Trainee: 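Handing you a structure now.
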Amino acid sequence: MKSISQWFNEYAESHQNKTNQQIHFICVPAIFFSIVGMLMSINPNPISSTLNIHNPFIENWAAVVLALLMIFYIRLSFNIFVKMLTLSIICLVGNYFLGELVPLLPASIILFVVAWIGQFYGHKIEGKKPSFLKDLQFLLIGPAWVFEKFLKKRTTV
């Protein structure tokens, strides 16, 4: 298994252009957020009846999928696991409140489509194909890379 540094270095190869990076800073979290929203939109009845829980933050398919994703992240790095767990909790809470304001599924689908258009535009500027076309695991590395890069920028400012 590759180390987190190897994953990040390989991911960074197709993300050198500053404009592409800025687009990724917006679009990658938006895609992550929208996927959480779409998963939260799926009827949670099988989960709640099986586990006998009644908490809207964990009584949904997003919480189940995110818990499984955390296994991937903790195998890479405990530090990345903590950061991605934080991002996941923010997405769960944010989508809960978004769903209180507007229908969550259509809003998530629109955000997902717009963010992917942005991603592909960024890669057009970059002149390189998205990393996930080489290895689908980069779909999980991208959010960690963006979050890591964002936090490093915040600490150096």
Side-chain angles (χ1 to χ4, degrees), residues 1-17 20-53 55-99 104 108-109 111-113 115-116 118-120 122-123 126 128-157:
M1 183 172 186
K2 293 180 191 176
S3 72
I4 191 64
S5 297
Q6 291 171 313
W7 280 112
F8 281 175
N9 289 338
E10 194 172 338
Y11 189 83
E13 289 174 14
S14 60
H15 301 88
Q16 297 295 310
N17 181 282
N20 188 29
Q21 287 181 17
Q22 290 170 339
I23 290 169
H24 275 62
F25 273 34
I26 296 166
C27 292
V28 168
I31 291 167
F32 194 88
F33 184 85
S34 67
I35 291 171
V36 171
M38 286 186 271
L39 289 168
M40 286 180 77
S41 299
I42 299 171
N43 184 349
N45 283 340
I47 297 172
S48 59
S49 61
T50 303
L51 301 177
N52 197 25
I53 53 174
N55 182 323
F57 298 109
I58 58 174
E59 184 184 315
N60 61 69
W61 288 105
V64 173
V65 171
L66 290 170
L68 294 173
L69 287 180
M70 292 307 112
I71 296 168
F72 174 80
Y73 291 120
I74 201 163
R75 290 184 67 211
L76 287 176
S77 155
F78 183 75
N79 187 27
I80 293 300
F81 162 77
V82 170
K83 291 172 182 173
M84 292 307 297
L85 179 62
T86 303
L87 177 63
S88 297
I89 291 168
I90 290 168
C91 289
L92 285 168
V93 172
N95 273 292
Y96 172 78
F97 287 110
L98 178 62
L104 187 56
S108 297
I109 291 170
L111 181 58
F112 182 83
V113 169
W116 272 110
Q119 288 286 91
F120 283 108
H123 279 285
E126 180 84 39
K128 294 182 182 171
K129 293 180 181 178
S131 301
F132 76 86
L133 294 177
K134 179 179 171 185
D135 186 336
L136 287 177
Q137 291 181 81
F138 280 112
L139 290 171
L140 301 177
I141 296 299
W145 182 82
V146 167
F147 200 33
E148 183 77 11
K149 201 162 177 64
F150 173 77
L151 290 176
K152 283 184 179 176
K153 280 189 174 197
R154 301 301 304 164
T155 58
T156 59
V157 172

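Note that this is a predicted model, so its numbers are computed, not measured.
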Trainee: Determine whether Leu76 and Ile141 make a side-chain contact, defined as any pair of heavy atoms from C-beta on separated by less than 4.5 Å.
Mentor: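 Yes. Closest side-chain heavy atoms under 4.5 Å.
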
Trainee: Where do Met40 and Val36 land on the side-chain contact (heavy atoms from CB on, under 4.5 Å) test, with the steps shown first?
Mentor: CA-CA 6 Å; Met40 286 180 77; Val36 171; 4.0 Å; yes

Trainee: Within this structure, what is the CD-NZ distance for the pair Glu13 and Lys134, rounded to the nearest 0.5 Å?
Mentor: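 Taking CD in Glu13 and NZ in Lys134, the distance rounds to 6.5 Å.
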
Trainee: Looking only at heavy atoms, what is the nearest atom pair of Pro29 and His24, with distance?
Mentor: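 Distance-wise, the nearest heavy atoms are CD-O, 3.4 Å.
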
Trainee: Work out which heavy atom in Phe33 is nearest to a heavy atom in Asn95; give both atom names and the distance.
Mentor: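 Distance-wise, the nearest heavy atoms are O-ND2, 2.9 Å.
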
Trainee: Atom CD1 in Ile80, atom CG in Leu87: separation rounded to 0.5 Å?
Mentor: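 Going from the CD1 atom of Ile80 to the CG atom of Leu87 covers 11.0 Å.
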
Trainee: Would you give the length of the straight line joining atom CG of Leu133 to atom CG of Leu139, rounded to the nearest 0.5 angstrom?
Mentor: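 The CG atom of Leu139 is 8.5 Å from CG of Leu133, to the nearest 0.5 Å.
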
Trainee: Supply the atom-to-atom distance Ile90 CD1 to Met84 CE, rounded to the nearest 0.5 angstrom.
Mentor: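 Reported value, rounded in 0.5 Å steps: 10.5 Å.
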
Trainee: Can you name the closest pair of heavy atoms from Cys91 and Phe32 and give their distance?
Mentor: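 Where Cys91 meets Phe32 most closely, the heavy atoms are SG-CD2, 3.6 Å.
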
Trainee: How long is the straight-line distance from CG of Leu136 back to OG of Ser131, given to the nearest 0.5 Å?
Mentor: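 One gets 11.5 Å once the value is rounded to the nearest 0.5 Å.
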
Trainee: Which heavy atom of Ala30 sits nearest to which heavy atom of Leu111, and what is that distance?
Mentor: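 Minimum heavy-atom contact is O-CD2, 3.7 Å.
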
Trainee: Do Asn60 and Leu92 have side chains that get closer than 4.5 Å, going by heavy atoms?
Mentor: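 When only atoms from C-beta onward are counted, Leu92 and Asn60 do touch, with a gap below 4.5 Å.
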
Trainee: For residues Leu85 and Val82, determine if any side-chain heavy atom of one lies less than 4.5 Å from a side-chain heavy atom of the other.
Mentor: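 Not touching, per the 4.5 Å side-chain cut-off.
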
Trainee: Tell me whether the centres of the aromatic rings in Phe81 and Phe78 are closer together than 6.0 Å.
Mentor: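 Under 6.0 Å, so yes.
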
Trainee: Determine whether Tyr96 and Val93 satisfy the following criterion, side-chain contact (heavy atoms from CB on, under 4.5 Å), listing intermediate values before the conclusion.
Mentor: CA-CA 5 Å; Tyr96 172 78; Val93 172; 5.6 Å; no

Trainee: Given the rule in the side-chain contact (heavy atoms from CB on, under 4.5 Å) test, do His123 and His15 qualify, once you have shown the distances and angles that lead to the verdict?
Mentor: CA-CA 8 Å; His123 279 285; His15 301 88; 3.3 Å; yes

Trainee: So how far is it from Arg75 CZ to Ile4 CD1, rounded to the nearest 0.5 Å?
Mentor: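 Between Arg75 CZ and Ile4 CD1, I get 12.5 Å after rounding to 0.5 Å.
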
Trainee: Just to verify, which of Phe138, Tyr73, Trp145 counts as forming a ring-ring contact (aromatic ring centres under 6.0 Å, His included) with Trp7?
Mentor: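 Exactly one candidate clears the test, Phe138.
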
Trainee: Step through the shown structure and confirm whether more than 12 heavy atoms of other residues, nucleotides or ligands are within 6.0 Å of NZ on Lys129.
Mentor: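 No.
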
Trainee: If you look at every heavy atom in Gln16 and Gln21, which pair is closest and at what distance?
Mentor: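 Between these two residues, the closest heavy atoms are O-NE2, 3.5 Å.
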
Trainee: If every non-hydrogen atom of Ser88 is compared with every non-hydrogen atom of Met70, which pair is closest and at what distance?
Mentor: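 It is OG-CE, 3.3 Å.
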
Trainee: In sequence, state the C-alpha distance, the side-chain angles, and the governing distance for Lys149 and Phe25, and then conclude on side-chain contact (heavy atoms from CB on, under 4.5 Å).
Mentor: CA-CA 9 Å; Lys149 201 162 177 64; Phe25 273 34; 3.8 Å; yes

